[in-house]
Amino acid sequence: LNEQLLTWPADFTVHPKLLRQLEKRRGALTEPYGIDWGHAEALAFASLLVEGSPIRFTGQDVGRGTFSHRHLMLHDAHTGAKFAPVQALPGASAPMEIYNSPLSELAAIGFEYGYATAAPEALVVWEAQFGDFVNGAQVMIDQFLASSLSKWGVTSRLTLLLPHGYEGQGPEHSSGRVERFLQSAAEGNIRVVNCSTSGQYFHVLRRQAKWPVRRPLIVMTPKSLLRSTAASCSLADLASGQFATVIDDPAPHEGGATARTLLLCTGKVYYDLVEENAKLEEGARRPIARIEQLYPFPEQKVRELVARYPSLSEVIWVQEEPRNMGAWTFIEPRLRGLLPVGVTLRYVGRPERASPAEGYNAAHKAEQARIVGEALG
């Protein structure tokens, strides 16, 4: 499949700069952390197509990818002709549609919702240019996507990809408003995930297409992590395993048995914490775990996670978003309900705010540093 995704007609001229980027994917399968986000996505789509799962992929610049990380649709550098290797897989037994949608979230999501309910066998995916833009479709989300199962018994596999993460790009390019989806999450109506690795993303896409229990899926996708080695994966990660709703610290500090503080988070802030945690002396480092699936909340997996740290005195929830946004208001009562007696729960993140993020990069950096520093003690 990887080789087929890197094959095009002999008379088709891929742009030289893009060609170098794509050629890296040939050797990526043999590297420990060689498969980045766009690469894992392409392999997920390709594997589903040869297994007979139809895919419809639309959104605001999905052919290329807003951050030039995808390039499912290629353009001839001389003629402008289009060619998508993923649509020409020799062994594919299902079709894939790729369309750049208009910059009207209300119209686009409304159409894709209708398509997904009418074609239950298809994986229908819509991607926002930035996750913030999904608020333009809030009526569709409230009236249809979140409540249609309860109101009419109607559901679908409609999947929303919302680039989310605080990188100093301002209030309109930071937050996919995960709190709004969590507020409307009830009765098993939707799924909300925040994948932190390309391997996790690969598995959640395949799970969404294959799971007999159809539900809309909301994915908070990254921006700065799209080409990050730390967030990339190996071929073994894709070829085995499954989507993990909770990921423990890969090497629990102090053996886990004597750790007094456990940091819990979701998404990109994990890498900010890990980077600074590694600079501390070994005895001062704190274990950092990730909740990858926010809803349905993986209560049993979180219980098992906490049980691996018998000496805990506190759990700290760390997030980039303001206190009245992000996952905190959803997570807080659920975590309190399962922590052992004597273990306290504390919040570290931005204070309550009316706007999702700072408007100045310097202010953003100062606030990120404060959050990470406070979390690490």
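Please read these numbers as outputs of a predicted model, since none were measured by experiment.
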For [X] and [Y], indicate whether the former's side chain and the latter's backbone hold a donor-acceptor pair under 3.5 Å.
| X | Y | value |
| --- | --- | --- |
| Tyr113 | Ala108 | no |
| Glu320 | Tyr166 | yes |
| Asn189 | Ser147 | no |
| Gln208 | Arg214 | no |

Which salt bridge (charged side-chain N to carboxylate O under 4.0 Å, His left out) pairs, counting each pair once, include a residue from [range], with sequence neighbours left out?
| range | result |
| --- | --- |
| residues 83-100 | Arg56-Glu97 |
| residues 29-44 | Glu41-Arg70 |
| residues 149-169 | Glu167-Lys223 |
| residues 347-362 | Arg350-Glu358, Arg353-Glu358, Arg353-Glu367 |

Are [X] and [Y] ion-paired here, with the side-chain N under 4.0 Å from a carboxylate O?
| X | Y | answer |
| --- | --- | --- |
| Arg303 | Glu299 | yes |
| Arg20 | Glu23 | no |
| Arg177 | Glu179 | yes |

Below 3.5 Å, can you tabulate the donor-acceptor pairs from side chains in residues 6-18 to any protein atom, sequence neighbours excluded?
residue, atom, partner, partner atom, Å
Thr7, OG1, Glu3, O, 2.7
His15, ND1, Lys17, N, 3.2

Tabulate below the donor-acceptor pairs under 3.5 Å that side-chain atoms of residues 134-141 make, not counting sequence neighbours, or state none.
residue, atom, partner, partner atom, Å
Asn135, ND2, Asp132, O, 3.3
Gln138, NE2, Asp142, OD1, 3.1

(request) Please say which of Thr258, Val306, Thr261 ends up in a side chain to side chain contact (heavy atoms under 4.5 Å, CB included) with Leu312. (result) Val306
(request) Identify which one of Gln293, His203, Gln200 satisfies the side chain to side chain contact (heavy atoms under 4.5 Å, CB included) criterion when paired with Cys195. (result)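 Only match with Cys195 under side chain to side chain contact (heavy atoms under 4.5 Å, CB included): Gln200.
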(request) Could you please spell out the steps behind the side chain to side chain contact (heavy atoms under 4.5 Å, CB included) verdict for Leu335 and Phe297? (result) CA-CA 10 Å; Leu335 280 180; Phe297 183 67; 4.3 Å; yes
(request) Assess whether atom NZ of Lys365 is packed by more than 12 heavy atoms of other residues, nucleotides or ligands within 6.0 Å. (result) no
(request) Determine whether more than 12 heavy atoms belonging to other residues, nucleotides or ligands lie under 6.0 Å from atom CD of Glu314. (result)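 Yes, CD of Glu314 has more than 12 neighbouring heavy atoms, counting only those of other groups under 6.0 Å.
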(message) So which atom in Ser196 and which in Ile247 form the shortest heavy-atom distance, rounded to 0.1 Å?
(response) OG-CD1, 4.3 Å
(message) Looking at every heavy atom in both Asp248 and Arg290, which two are closest together, and how far apart are they?
(response)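 Scanning both residues, the minimum pair turns out to be O-NH2, 4.4 Å.
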(request) Evaluate the ring planes of Tyr347 and Trp328, with Trp represented by its six-membered ring, and classify them as parallel (under 30°), tilted (30 to 60°) or perpendicular (over 60°). (result)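 Ring orientation of Tyr347 relative to Trp328: tilted.
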(request) Measure up the Trp152 and Phe144 rings against each other and bin them: parallel (under 30°), tilted (30 to 60°), perpendicular (over 60°). (result) tilted
